[in-house]
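Only one structure is covered here, and it is reproduced in the block below.
Naming convention: chains lettered A, B, ... in sequence-line order (proteins, then strands); numbering from 1 in each chain.
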Amino acid sequence: MTISSVAFQKSQDTATRGQRDPQLSAALSEPELSPFYEDQPRDTTAISGAPGPDYNVLEGERERKTVPAGHAQNTRVADERERLRRQDVILLPHEPSFESIDRPSFVAIQEWEGHVIDVADTTFLARLTDLNVGAERAEEEVQLLISDLSDDDRAMLAVGRVFRWAIGYQRSPGGSKRRVSQIVFRRLPQWTRKELDLALAEGRAIVREIQWD
Amino acid sequence: VGLEQVTGLGSAPETDELELSLLGPGWGECVLVHLGGGVWITIDSCVDNSSAEYRSLALSYLNQIGVAADQSVMLVLCTHWHDNHIGGLAQIVDHCQQADFFLSSALQDEQFAAMVRAYQKGALVAGGSGVTEIDRIFDCLRRSRRPAGLAIQDRRIFRLDGEDSGHGLECLVWSLSLSDAQVARFLAGLSFPSAGQTKARCHPMRPNHQTVVVWIEIGETKILLGGDLEETEEQRTGWSVIVRSPTRPSGQASILKIPHHGSQNGHSDCVWRKMLVQEPFALLTPWNRGSKLPTPDDVTRIVGLTPNAYSTATLAARRVKRRSPPVEKTLRELGVNVRPSEPRTGLLRMRKRRPGSWRLECFNGACHLSEVHSQPDRISR
C-alpha cells in the first residue's frame, strides 16, 4: 500500500497568474498553458509555483510511487489523482501552506475581450471579441451592470476602456467548485511623452509624404 | 448567409445602364455607382460581418458580376475615417490603382495623422485600435505615391465625358462638404492622447463634423449620398451649410442615401424640401450598436416622407452564437444577452436604362423600410 499526501496550490492573485511550475509542465507532458492576461483564448488555467514537493510519498508494501513535485490546480491533476487511485495509492490532504489557504483557482471556459462604447447610469454597453474562437473583430455586444464591477474597476469605467470577461469555474482550496463570471478591466499602460512625440513626428511625415492633390 | 454566397446577382450592367448599389451594414457601408461606359465609383467600404475573412465586399461584388475592379473603378472616396464605416477600404485603394482617391479635407491635418499613429501603435487590445483602416490607407498612399484629393465644400471631384459614358450623358461627381467651419470643429474636437493617459481604443467623436456628402449628376439624374453627416442646428456646419450654399450644384435628387442610418440627428427638413424630388428613393443601412437605428419613430418619419424607402437589412435579432451549457447557464443567470453586434449584410441594387425608370432589387435580407424591425422570414417580397 502506498500513501501519498497531496496539496493543491490555489491562486487568486492575478499578479502571479501565468506562472507555472516547470516540473509539473514536464511531468504532465503538456504544452505551456496560456496565462490569463495574455491575448490567448482557450485554456487559461492559472497555476502558481511554490518551492518544495507537494506530494508526500510514503512507501507501501507492494510498490513505491514517485509523484511529480509542484503545485497544481487544474483538471489534469484530477486525472493524475485518479490514476494514482487506480494504482492503489491513497491520497491524503497535505497540511496546506500558508499561501495556499485563500487562493482559489480559476479555469476559464469562455473569454471575451471587450471595449466600452457607452456608459449609462446603471449599465454600460460594450463590444466583445470572442477570444475562444480567436476572433479578430468585435462582433458581439452586451449590456452589463455597473454594479457588477469591483470598486477598482468601476473607477476605470469609461468609453474606450478595455476589459476581459471570463466565465469559468472557481475551485476553493477545500475543493468546492462554483461557476463564476469575472470582469477585470485591463490596466493598460499609459502613453508616454516619448511615444506621443514619436506619433507627432510620424504624423508630420505622413502628411508630408502623401501627395495631396 | 454571407453576401458573398448570395446567388442571382447576375452580370454587370450594360454600358448605357446606370447602377447604384448600397451594401451594408457590416464593418462599414459602401455605395457603388456605375456611371456608364463601364466606369464605376466607390464611396466608403464594407466587410461582410458573416465572413471569416476581412475582405472588401465592393471588390467581391464587382468580381461576382464580372467587373474587373482594377480596370473599372475610377474614383474611390472616403467620407470619414471611422473604422466601422470603411472596413476594407485600404484594399480598394490598393487594388484600384487607376482610380482617383479623395478623402475629407480635415484628414490632411498633422494632428489627426499623429492621433492615428498614436492609437494604432498603442493598440494592445483584441478588436483593433479603432483607427486601423485609415492607418492602412495612409500607409498605402505613402507607399504608392498616389495623389490624394481633398473633398471640400462644392468641389467637382470627377467628370466623365458623354462620349465615354455609353449613354451620351456627361457625369459629374461633387463633394458638398466639408465647409471651413466643419473642418475647424473637427480639428478642435480631435482627441490626441496626453502623456500619462491610460491607453484605450480610439472612439469616434460626436457629432460627426467630418463626413463628405456626395452629389452625383448623370444628365438629369441626380443622386445625393449623405454619408454619416449629422444636423447641428448651426448655420455653418451640419446639413444647414450644405443646403444654404450658393455654390452647390443645382437640381433635386431622385435618390438619397439617408445619412446616419436614418437617425433623427441626421435628418434635415430643408434637405427634403430643397434638395430632393417628391417621394425620392431613400436608401439606408441600419445600425445596431446599443440603440438600434432607425428607431420606429425614424421609420415613421422617413416612410411619411417617401413610400420608396428601403433598408439593406432588418434589425431583427440575428441568431445568437451557441456556447457550452455552463456558459449559457451563467449568461441566463446574469440576465445578460451576448448578441451579434450587427445585422446581416444585405444589398440594395438600383438599375436604370435611358429612357426608363429605376428598378430596385433586394438581396440577402434587404427590405422596405417599414419592415426593418421585422423578422427576416416575415418580409414580403
Interchain contact, [X] with chain A, by part (heavy-atom threshold 4.5 Å):
X        : answer
B/Ser194 : backbone
B/Asp109 : backbone
B/Arg143 : neither

Closest non-hydrogen atom pair, [X] against [Y]:
X        : Y        : value
B/Pro193 : A/Leu196 : O-CD1, 3.4 Å
A/Arg193 : B/Ala195 : N-CB, 3.8 Å
B/Lys121 : A/Leu198 : NZ-CD2, 3.0 Å
A/Leu188 : B/Thr198 : O-CG2, 3.5 Å
A/Trp165 : B/Leu334 : CZ2-CD1, 4.1 Å
B/Val336 : A/Gln143 : CG1-O, 3.6 Å

Check whether more than 12 heavy atoms from other residues, nucleotides or ligands sit under 6.0 Å from atom CG of B/Asp180, and answer yes or no.
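Atom CG in B/Asp180 is not crowded, with 12 or fewer foreign heavy atoms closer than 6.0 Å.
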
Looking at chain A, which one of [options] has the largest number of heavy-atom pairs inside 4.5 Å, strictly under?
options                                : result
B/Gln108, B/Lys321, B/Lys329, B/Glu333 : B/Gln108
B/Pro326, B/Gly87, B/Gly149            : B/Pro326
B/Val116, B/Asp139, B/Thr330, B/Leu141 : B/Thr330

Using non-hydrogen atoms and a 4.5 Å limit, figure out which bit of A/Ile167 sits close to chain B: side chain, backbone, both or neither.
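The side chain, not the backbone.
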
Please report the interatomic distance [atom1]([X]) to [atom2]([Y]), rounded to the nearest 0.5 Å.
X        : Y        : atom1 : atom2 : value
B/Phe102 : A/Asp213 : CZ    : CG    : 6.0 Å
B/Gln111 : A/Leu200 : CD    : CG    : 6.0 Å
B/Leu107 : A/Ile206 : CG    : CD1   : 11.5 Å
A/Glu195 : B/Arg117 : CD    : CZ    : 12.0 Å

Looking at A/Glu140 and B/Arg323, does any basic side-chain N land under 4.0 Å from a carboxylate oxygen?
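Salt bridge between A/Glu140 and B/Arg323, a charged N being under 4.0 Å from a carboxylate O: yes.
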
Which of A/Gln110, A/Lys194, A/Arg179 touches chain B most, by non-hydrogen pairs under 4.5 Å
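Going by pairs under 4.5 Å, I would pick A/Arg179.
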
With a 4.5 Å cut-off on heavy-atom pairs, point out which of A/Ala126, A/Gly160, A/Ala205 contacts chain B the most.
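Top count of heavy-atom pairs under 4.5 Å with chain B: A/Gly160.
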
4.5 Å side-chain heavy-atom contact, B/Arg339 and A/Glu141:
yes

Kindly determine whether B/Leu103 and A/Trp212 satisfy side chain to side chain contact (heavy atoms under 4.5 Å, CB included), including the steps that lead there.
CA-CA 10 Å; B/Leu103 78 172; A/Trp212 304 101; 3.6 Å; yes

